[in-house]
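These notes are about the structure you will find just below.
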Amino acid sequence: MRLIRVYGSISLTILLFILTSCNSSEPKQVTLPIQVISTEGSPRAAISTQAASTKATSAQGSPILAPSSNSSPILNESAVLPIPDSLDLLFSPIDLNQWNQDQPIQDWESLQTISLGEILGKPVTLHYYKEHTKVDEITMDHLHGVLNYGGKSTVIMFYDGIYEDMKFYPLQKTFQSENSKVDLIGAIGTEGTGLTYLVYDESKKEWFNFHEFGTPQTSNMDHDGVDKIIIVFAGMHLQWPDVELIKWNQKNFEIVSINSMLQKIGYSKDIYTTETYLEKGADPNQFKIMAYKTNSASDAASIGKYTYESGRLIRK
């Protein structure tokens, strides 16, 4: 009898909720905000391209800086490998991909156009489309974007990303070599699916791309007039917080993961967990590294603070 009363009460509540919802005569407008995120230096506010709203949010989405001293593990060098005094950063080439399609499919639903900046004084725009597909009677939505520049269009795909979560991080950096000039216009995507970096080769007049997780910002780390891209990854699933650096080597882009460099010097993923952060309140050249045994009952850790200098991290 108690179960009957409970289920009866729940059913009545649901029925009242449905009837109340149906009383509204005006359809609710669905807004589709696309956020444009500042990437210069330290993170700044996110700006929505939706005309009616300019709400400021964290450029990083969620905290990615070093934990406070109150939550850090106890410093105990004997418990784990000691943090090194310096760490050489070995960069590896980034493989650039290309898109093959240049026009949207006719039955794609048109959503919104946003500005991505300029190349050689000409505007670059991105128009969003939604593709509806049915799999076993279940409708699924796939998000596409069409890049438009110089009278040509290129279709790019954003997997199954949620449109409302899409963010654009403008970079607007130009890199030169003897034979070409390359524009890294920005990165677009979601925190869950990662970001696609949009690269335009001026000599080939073609778009290229690569994909990384984490949020980008730029810094002239070597004080040579050429910015590096700093990607701060907050951690996801079984992947721990990390910082990656991207540089231009006069021919192509190269990338390095600080956590990967620690694994090369003995911090095996099977035994140790390493975490890398940008130092709170510091410029982008300051890092904090933590390392501890993955399956240890102890909360002891090695902790080191570092400054980037000419391709190396130097312990302070």
Side-chain angles (χ1 to χ4, degrees), residues 36-47 58-60 64-66 86-94 96 116-121 124 167-188 195-203 208-210 212-234 241-261 276-289 304-316:
V36 179
I37 313 298
S38 172
T39 56
E40 286 291 338
S42 58
R44 288 180 286 180
I47 304 173
S58 168
Q60 303 297 335
I64 45 77
L65 299 176
S86 64
L87 185 65
D88 291 326
L89 302 178
L90 306 178
F91 288 78
S92 301
I94 292 178
L96 296 180
L116 301 186
E118 294 184 349
I119 296 176
L120 299 175
V124 180
K167 295 178 182 178
F168 175 63
Y169 295 80
L171 296 171
Q172 287 288 160
K173 299 298 177 183
T174 300
F175 301 92
Q176 290 184 280
S177 66
E178 294 181 359
N179 303 318
S180 66
K181 184 184 290 186
V182 171
D183 299 283
L184 179 57
I185 195 166
I188 192 164
L195 300 181
T196 297
Y197 287 75
L198 309 177
V199 180
Y200 185 76
D201 189 312
E202 294 184 16
S203 60
F208 296 86
N209 70 88
F210 61 92
E212 294 292 334
F213 283 88
T215 53
Q217 60 188 72
T218 60
S219 174
N220 184 10
M221 300 179 74
D222 288 312
H223 307 289
D224 57 359
V226 180
D227 279 359
K228 284 183 173 57
I229 312 302
I230 304 171
I231 300 179
V232 180
F233 175 60
D242 193 8
V243 177
E244 294 179 311
L245 305 179
I246 294 177
K247 72 175 184 178
W248 174 254
N249 70 357
Q250 303 302 317
K251 293 182 180 180
N252 55 18
F253 293 104
E254 295 183 328
I255 190 169
V256 63
S257 156
I258 295 177
N259 280 357
S260 294
M261 291 298 97
T276 304
Y277 304 86
L278 286 184
E279 266 286 76
K280 186 176 182 180
D283 65 52
N285 285 25
Q286 307 295 319
F287 301 88
K288 180 175 182 177
I289 294 174
K305 295 183 179 182
Y306 291 81
T307 300
Y308 173 89
E309 295 181 12
S310 303
R312 306 176 73 201
L313 296 185
I314 308 298
R315 188 168 183 175
K316 297 191 292 183

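The chain is numbered in sequence order, starting from 1. Quantities reported herein were computed from a predicted structural model and do not represent experimental measurements. These values consider heavy atoms only, across backbone and side chains, with no hydrogens, waters or symmetry-generated copies.
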Quick one: does [X]'s side chain get under 4.5 Å of [Y]'s, heavy atoms only?
X	Y	value
Leu278	Gln217	yes
Met261	Asp88	no
Leu171	Tyr197	yes
Ile185	Tyr200	no

Can you see which heavy atom on [X] is nearest to which on [Y], and at what distance?
X	Y	result
Met221	Tyr308	CE-CG, 3.4 Å
Leu195	Gly214	CD1-O, 3.2 Å
Leu184	Phe175	CB-CE1, 4.0 Å
Gln250	Ser177	O-CB, 2.5 Å
Trp248	Val182	CH2-CG2, 3.9 Å
Glu254	Asn249	OE2-ND2, 3.1 Å

Should Phe233 and Thr276 be marked as a side chain to side chain contact (heavy atoms under 4.5 Å, CB included) after you check the CA-CA gap, both sets of side-chain angles, and the distance that decides it? CA-CA 9 Å; Phe233 175 60; Thr276 304; over 6 Å; no
Could you walk me through whether Glu212 and Ile255 pass the side chain to side chain contact (heavy atoms under 4.5 Å, CB included) test, one step at a time? CA-CA 10 Å; Glu212 294 292 334; Ile255 190 169; 3.6 Å; yes
Donor + acceptor pair across side chains of [X], [Y] (<3.5 Å):
X	Y	answer
Asn209	Thr196	no
Asp201	Ser203	yes
Thr307	Asn285	no

Derivation of the side chain to side chain contact (heavy atoms under 4.5 Å, CB included) call for Asn252 and Leu96: CA-CA 9 Å; Asn252 55 18; Leu96 296 180; 5.8 Å; no
Please lay out, stage by stage, how Phe287 and Tyr306 fare under the test ring-ring contact (aromatic ring centres under 6.0 Å, His included). CA-CA 5 Å; Phe287 301 88; Tyr306 291 81; 8.5 Å; no
Check: Asn259 main-chain N/O paired with Asp242 side-chain donor or acceptor under 3.5 Å: yes
Is it true that a side-chain atom of Gln172 and a backbone atom of Glu118 form a donor plus acceptor pair closer than 3.5 Å? yes
Verdict with supporting geometry, Ile289 and Leu313, side chain to side chain contact (heavy atoms under 4.5 Å, CB included): CA-CA 10 Å; Ile289 294 174; Leu313 296 185; 4.2 Å; yes
[X] [atom1] to [Y] [atom2] distance, which is reported to the nearest 0.5 Å:
X	Y	atom1	atom2	result
Lys173	Asp227	NZ	CG	4.0 Å
Ile246	Ile231	CD1	CD1	3.5 Å
Lys228	Thr218	NZ	OG1	12.0 Å
Leu89	Ser257	CG	OG	9.5 Å
Ile229	Glu244	CD1	CD	12.5 Å

Hey, can you tell me if Phe210 and Phe253 have their rings parallel, tilted or perpendicular (30° and 60° cut-offs)? tilted
